[in-house]
Amino acid sequence: MLLGEAYQYLASPAGRQDPYPAYAALHAHGPVVRLRPDFYAATGYNAINALLRDPRLEVRGRPDGAASHLIANSMMKANGPDHARVRRLAADAFSPRRTDRLQEVVTTEATALADHVAQLGRNGEAVDLMAEFAYPLTIRIIGTLLGVPAGEHQWLRERAQETTAVLEPFRPAGPTTTADRAALELEDYVTKLTRLRRTEPREDLITTLVLAHDRDNDELSTRELVVNLVFLLLAGFETSTNLLGNGLGALLDHPDLAARLRTDPDLADRYVEEISRFDAPLQLTSRWAPETIEIDGIGTIEKGSHILLFLGAGNHDPAHFAVPNRFDPFRDSPQSLSFGAGAHYCLGSALARTEARLALPLLLKRLPGMQRTGTAVRRDRLTFRGYASLPVSFQN
């Protein structure tokens, strides 16, 4: 596959369904390739790691609609002191202490949902693991963290999925009506919830950030408070759901490895790390060069250039991972790039890992005869890679 063909393939529906053939082709052209004078693609592990950590590069938004504008004003697209200030205030919500406190919630919810799946498929009927397990589990957990009432979780899930469509790199310029409407509805919802938490505080993230805002408006403006709460909802839900769903897909395709995890849940950390490498929930991110810079091992990046960092390709770099297309939880290899690196390392990575580490062995134990049935459907996304449906059957 030629360089241009590989890149065009990633922009196609087939590429969104399975980007890995294009990644393999791009690797043959080097760790960083220049596609146009001001446009680069990075696919090598070392190159992506270096670019993610380079403080001279910036993140930028594409504010061409309400959804893009919301994300462009969040910590995801903030740089330097602004990013550090907002991230510092939000970081406590995803600290190991808070994540540990959520373990009981994850186990309780995962157990209830596993029993629900077992009941639905008790006579051998097909059950969609995404609709009945992965989606409801992850939205319940992020909803609990934020302090969202349980009856509104489904509504939030739908709006979150619609809003994140604007993070796709190959979408054409122009109206994004569905995403924009969803983003505005989320902003309005979170604004009302922040007002409620001032009179009815709770042990949740919204209350934490509302109190930080009210103590010192210079630390967090009202606008920053709302857009970053929405962003944390979007990122926390998407990353956790896709990690869990992609993990279930990999385990269904490797029943021998699923059996080992079923009998030894202490292996879960190894499995989750390999799942995040093998089929990353977040496949790409980007950086911009505000000035011409030299980067060791990469060369010159011209001023104003846009760099796409294909995290999924870095995770399949044959220079760093032996037989990268093989799912092997027992490999001895570097940490994956799936949650980024440097200043913008994913705040919710510990929560996503915790959910998968607890939920996967629990479901495998509850449904030992689980196997694929029918046709699984991937979401038509490249940035956030995951399943829309994953039907299985089993015998209780």
Side-chain angles (χ1 to χ4, degrees), residues 2-11 15 19 22-23 25-65 67-88 166-174 176 224 227-228 231 235 282-315 317 319 337-346 382-383:
L2 298 176
L3 177 61
E5 292 174 338
Y7 184 71
Q8 289 302 316
Y9 174 80
L10 287 172
Y23 294 161
L26 288 170
H27 281 140
H29 296 277
V32 178
V33 294
R34 193 174 186 178
L35 299 167
R36 295 196 302 268
D38 61 349
F39 188 48
Y40 299 78
T43 60
Y45 182 96
N46 281 346
I48 294 172
N49 196 27
L51 291 164
L52 287 170
R53 297 174 186 276
D54 196 313
R56 296 171 295 177
L57 297 174
E58 295 181 349
V59 291
R60 294 183 185 176
R62 178 183 170 181
D64 55 358
S68 295
H69 196 263
L70 183 152
I71 292 169
N73 283 276
S74 74
M75 73 178 83
M76 181 183 184
K77 299 298 183 181
N79 297 285
D82 282 340
H83 173 259
R85 172 176 52 82
V86 179
R87 184 183 176 95
R88 182 176 64 253
V166 298
L167 290 171
E168 288 302 301
F170 302 111
R171 65 180 178 87
T176 51
E224 286 176 325
V227 299
N228 281 293
F231 164 70
L282 178 66
Q283 289 281 313
L284 64 91
T285 186
S286 64
R287 294 292 186 270
W288 295 80
E291 59 187 44
T292 298
I293 60 175
E294 293 287 335
I295 301 178
D296 290 345
I298 295 175
T300 303
I301 302 291
E302 300 293 340
K303 178 180 179 179
S305 292
H306 181 201
I307 314 162
L308 278 182
L309 285 68
F310 288 97
L311 307 177
N315 289 338
D317 184 348
L337 297 166
S338 301
F339 297 103
H344 282 81
Y345 185 78
C346 178
L382 179 60
T383 300

Query raised in the report: Taking only residues two or more places apart in sequence, or in another chain, which ones meet His83 in a ring pair (Phe, Tyr, Trp, His ring centres under 6.0 Å)?
Result: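 His83 satisfies ring pair (Phe, Tyr, Trp, His ring centres under 6.0 Å) with His344 once adjacent residues are dropped.
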
Query raised in the report: Excluding sequence neighbours, so at least two apart, what forms ring pair (Phe, Tyr, Trp, His ring centres under 6.0 Å) with Phe339?
Result: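 In terms of ring pair (Phe, Tyr, Trp, His ring centres under 6.0 Å), with neighbours along the sequence ignored, Phe339 is linked to no residue.
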
Rounded distance (nearest 0.5 Å) linking atom [atom1] of [X] with atom [atom2] of [Y]:
{"X": "Leu35", "Y": "Ile307", "atom1": "CG", "atom2": "CD1", "answer": "11.5 Å"}
{"X": "Leu51", "Y": "Leu308", "atom1": "CG", "atom2": "CG", "answer": "11.5 Å"}
{"X": "Thr300", "Y": "Ile293", "atom1": "OG1", "atom2": "CD1", "answer": "9.5 Å"}
{"X": "Arg287", "Y": "Ile48", "atom1": "CZ", "atom2": "CD1", "answer": "11.0 Å"}
{"X": "Asp54", "Y": "Ile295", "atom1": "CG", "atom2": "CD1", "answer": "4.5 Å"}
{"X": "Glu291", "Y": "Leu57", "atom1": "CD", "atom2": "CG", "answer": "9.5 Å"}

What I'd like to find out is whether the side chain of [X] reaches to under 4.5 Å of the side chain of [Y], using heavy atoms alone.
{"X": "Leu382", "Y": "Leu284", "answer": "yes"}
{"X": "Asn73", "Y": "Asn228", "answer": "no"}
{"X": "Arg87", "Y": "Tyr345", "answer": "yes"}
{"X": "Arg60", "Y": "His306", "answer": "no"}
{"X": "Leu10", "Y": "Phe310", "answer": "yes"}
{"X": "Glu302", "Y": "Pro37", "answer": "no"}

Report task. Output yes when a side-chain donor or acceptor of Asp82 lies under 3.5 Å from a complementary backbone atom of Ala78, and no otherwise. Result ->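 Side chain of Asp82 to backbone of Ala78, a donor-acceptor pair under 3.5 Å: no, none is there.
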
Report task. Kindly say whether Phe231 contributes a backbone atom to a donor-acceptor pair with the side chain of Ser74 at under 3.5 angstrom? Result ->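 Answer holds: no.
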
Report task. Go through the structure and list residues passing side-chain contact (heavy atoms from CB on, under 4.5 Å) with Ala67, not counting sequence neighbours. Result ->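 If we apply the side-chain contact (heavy atoms from CB on, under 4.5 Å) test to Ala67, skipping adjacent residues, the hits are Thr163, Val166, Ala179, Asp180, Ala183.
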
For [X] and [Y], work out which heavy atoms get closest and say how close.
{"X": "Val86", "Y": "Glu224", "value": "CG2-OE2, 4.0 Å"}
{"X": "Val32", "Y": "Ala47", "value": "CG2-CB, 3.6 Å"}
{"X": "Ala22", "Y": "Tyr9", "value": "CB-CD2, 3.5 Å"}

Query raised in the report: Picking from Ile298, Leu309, Ile301, what satisfies side-chain contact (heavy atoms from CB on, under 4.5 Å) with Tyr40?
Result: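 That would be Ile301; it is the only one of Ile298, Leu309, Ile301 passing the side-chain contact (heavy atoms from CB on, under 4.5 Å) with Tyr40.
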
Query - Test side-chain contact (heavy atoms from CB on, under 4.5 Å) applied to Met76 and Leu167, Leu70, Val227, Val59, the passing residue - result: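 Of all the options given, the one that passes is Leu167.
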
Query raised in the report: Do we see a donor-acceptor contact under 3.5 Å between the side chains of Ser338 and Asn315?
Result: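 Yes, Asn315 and Ser338 have a side-chain donor paired with an acceptor closer than 3.5 Å.
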
**Report entry** Candidate pair Phe39 and Tyr7, rule ring-ring contact (aromatic ring centres under 6.0 Å, His included), full reasoning
**Finding:** CA-CA 12 Å; Phe39 188 48; Tyr7 184 71; 5.7 Å; yes

Query - Ion pair Glu58/Lys77, N-O distance below 4.0 Å - result: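 Lys77 and Glu58: not salt-bridged.
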
Report task. Apply side-chain contact (heavy atoms from CB on, under 4.5 Å) to the pair His27 and Tyr45, showing each step before the final yes or no. Result -> CA-CA 10 Å; His27 281 140; Tyr45 182 96; over 6 Å; no

Query - Residue His69 excluded, over 12 heavy atoms near NE2 under 6.0 Å - result: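 Not more than 12 within 6.0 Å, no.
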
Query raised in the report: Run the side-chain contact (heavy atoms from CB on, under 4.5 Å) check on Val33 and Thr43 step by step: do they pass?
Result: CA-CA 8 Å; Val33 294; Thr43 60; 6.0 Å; no

